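Input: a single structure, listed below in structure tokens.
The structure displayed is predicted, hence computed values, not measured ones.
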Amino acid sequence: MKLNDVVKKVDGFFASYFTRWFSLPFVWIFSKIGISPNIVTLISLGFGLWAAYAFFRQQLILGAILVQISFMFDCVDGQLARYIGKGSPFGAWLDTVTDRIKEFLVLFSLGMAYSMPWLAFFAIFASAMRHY
């Protein structure tokens with residue numbers, strides 16, 4: 001499989017036209033050094049947790065940068081799985097669960113940092129409903 005073929009044909013604008021330029025080199029590097037897609041998922045989770053902490057500390061620029069890095073690695077895990085042919089039901093589940101954890105914690109930390117817990121809970125509820 002060619003590296004450019006691992007990018008989803010139908011995806012969001014940002015993922016299709018921006019993130020792929022940063023994610024594909026990581027796919028190639030990780031495939032060469034043997035990092036599994038599930039490890040990349042956990043790396044994405046780590047950056048997402050760090051972003052939530054930064055937002056909670058009202059470090060908006062750092063949090064925004066970390067969210068984008070987390071998103072880029074979230075793209076890399078699926079692309080890597082397709083590239084090396086190692087997709088699995090567990091990997092798909094892990095990706096989904098870690099995505100929800102990141103979303104909820106980032107939204108919650110933003111709401112709590114700015115003393116608007118009601119807004120955080122509303123955003124978390126809306127985000128959860130979007131996935132059903």
Side-chain angles (χ1 to χ4, degrees):
M1 174 178 275
K2 294 190 321 189
L3 192 56
N4 282 329
D5 294 338
V6 301
V7 177
K8 289 181 187 175
K9 301 302 179 215
V10 178
D11 209 345
F13 176 82
F14 192 77
S16 296
Y17 297 103
F18 182 73
T19 304
R20 71 181 296 167
W21 300 111
F22 296 99
S23 65
L24 290 179
F26 282 100
V27 171
W28 185 81
I29 291 167
F30 290 163
S31 71
K32 297 301 178 201
I33 62 176
I35 292 181
S36 77
N38 292 343
I39 296 298
V40 178
T41 300
L42 296 176
I43 291 169
S44 174
L45 176 63
F47 278 106
L49 296 175
W50 188 8
Y53 180 71
F55 284 135
F56 184 75
R57 303 269 326 241
Q58 298 181 353
Q59 299 170 326
L60 296 180
I61 293 173
L62 177 61
I65 291 168
L66 292 169
V67 163
Q68 291 307 312
I69 293 170
S70 176
F71 176 69
M72 189 261 312
F73 280 111
D74 189 39
C75 293
V76 169
D77 62 5
Q79 293 168 352
L80 179 62
R82 286 187 289 278
Y83 187 62
I84 64 175
K86 296 283 185 174
S88 69
F90 175 75
W93 174 84
L94 182 65
D95 184 52
T96 300
V97 168
T98 58
D99 286 352
R100 298 302 78 77
I101 290 169
K102 291 181 293 186
E103 284 177 18
F104 293 169
L105 287 177
V106 163
L107 294 169
F108 182 75
S109 65
L110 279 167
M112 296 307 289
Y114 292 95
S115 300
M116 295 187 288
W118 60 270
L119 184 59
F121 288 114
F122 175 76
I124 289 168
F125 178 76
S127 175
M129 292 299 103
R130 181 177 80 86
H131 295 289
Y132 291 104

Would you name the heavy atoms of [X] and [Y] that are closest together and state the gap between them?
X	Y	result
F73	V40	O-CG1, 3.4 Å
L80	V27	CD1-O, 3.6 Å
S23	V76	CB-CG2, 3.5 Å

With sequence neighbours excluded, tell me which residues meet ring-ring contact (aromatic ring centres under 6.0 Å, His included) with [X].
X	value
F122	none
F104	none
Y114	none

Item to check | salt bridge (charged side-chain N to carboxylate O under 4.0 Å, His left out) contacts in which one or both residues fall within residues 103-112, not counting sequence neighbours | outcome: R100-E103, E103-R130

Next on the checklist: Can you pull out every salt bridge (charged side-chain N to carboxylate O under 4.0 Å, His left out) where at least one residue sits in residues 29-49? Sequence neighbours excluded, please.
Outcome noted: none

Next on the checklist: Do F47 and M72 make a side-chain contact, defined as non-hydrogen atoms from C-beta onward lying under 4.5 Å apart?
Outcome noted: no

Checklist entry - Does CZ in F30 sit with more than 12 non-hydrogen atoms of other residues, nucleotides or ligands closer than 6.0 Å? => result yes

same_hphob_cluster([X], [Y]) at 4.5 Å side-chain heavy-atom cutoff:
X	Y	result
L45	V106	no
L49	I124	no
L119	F121	no
F125	L107	no

In a table with atom names and distances, give each donor-acceptor pair under 3.5 Å that connects a side chain of residues 51-62 to protein atoms at least two apart or in another chain.
unit_1 : atom_1 : unit_2 : atom_2 : d
Y53    : OH     : R57    : NH1    : 3.0
Q58    : NE2    : A113   : O      : 2.5

Item to check | Result of checking D95, I84, L94 against P37 for side-chain contact (heavy atoms from CB on, under 4.5 Å) | outcome: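 Option passing the side-chain contact (heavy atoms from CB on, under 4.5 Å) with P37: I84.
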
Checklist outcome for this item: Taken in chain and number order and not counting sequence neighbours, the residues that satisfy side-chain contact (heavy atoms from CB on, under 4.5 Å) with S36 are N38, I39

Checklist entry - Can you list the residues that meet the side-chain contact (heavy atoms from CB on, under 4.5 Å) rule with W118, with sequence neighbours excluded? => result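 M116.
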
Donor-acceptor list for residues 64-71 side chains, cut-off 3.5 Å, not counting sequence neighbours:
unit_1 : atom_1 : unit_2 : atom_2 : d
S70    : OG     : S44    : O      : 2.8
S70    : OG     : S44    : OG     : 3.2
S70    : OG     : K102   : NZ     : 3.4

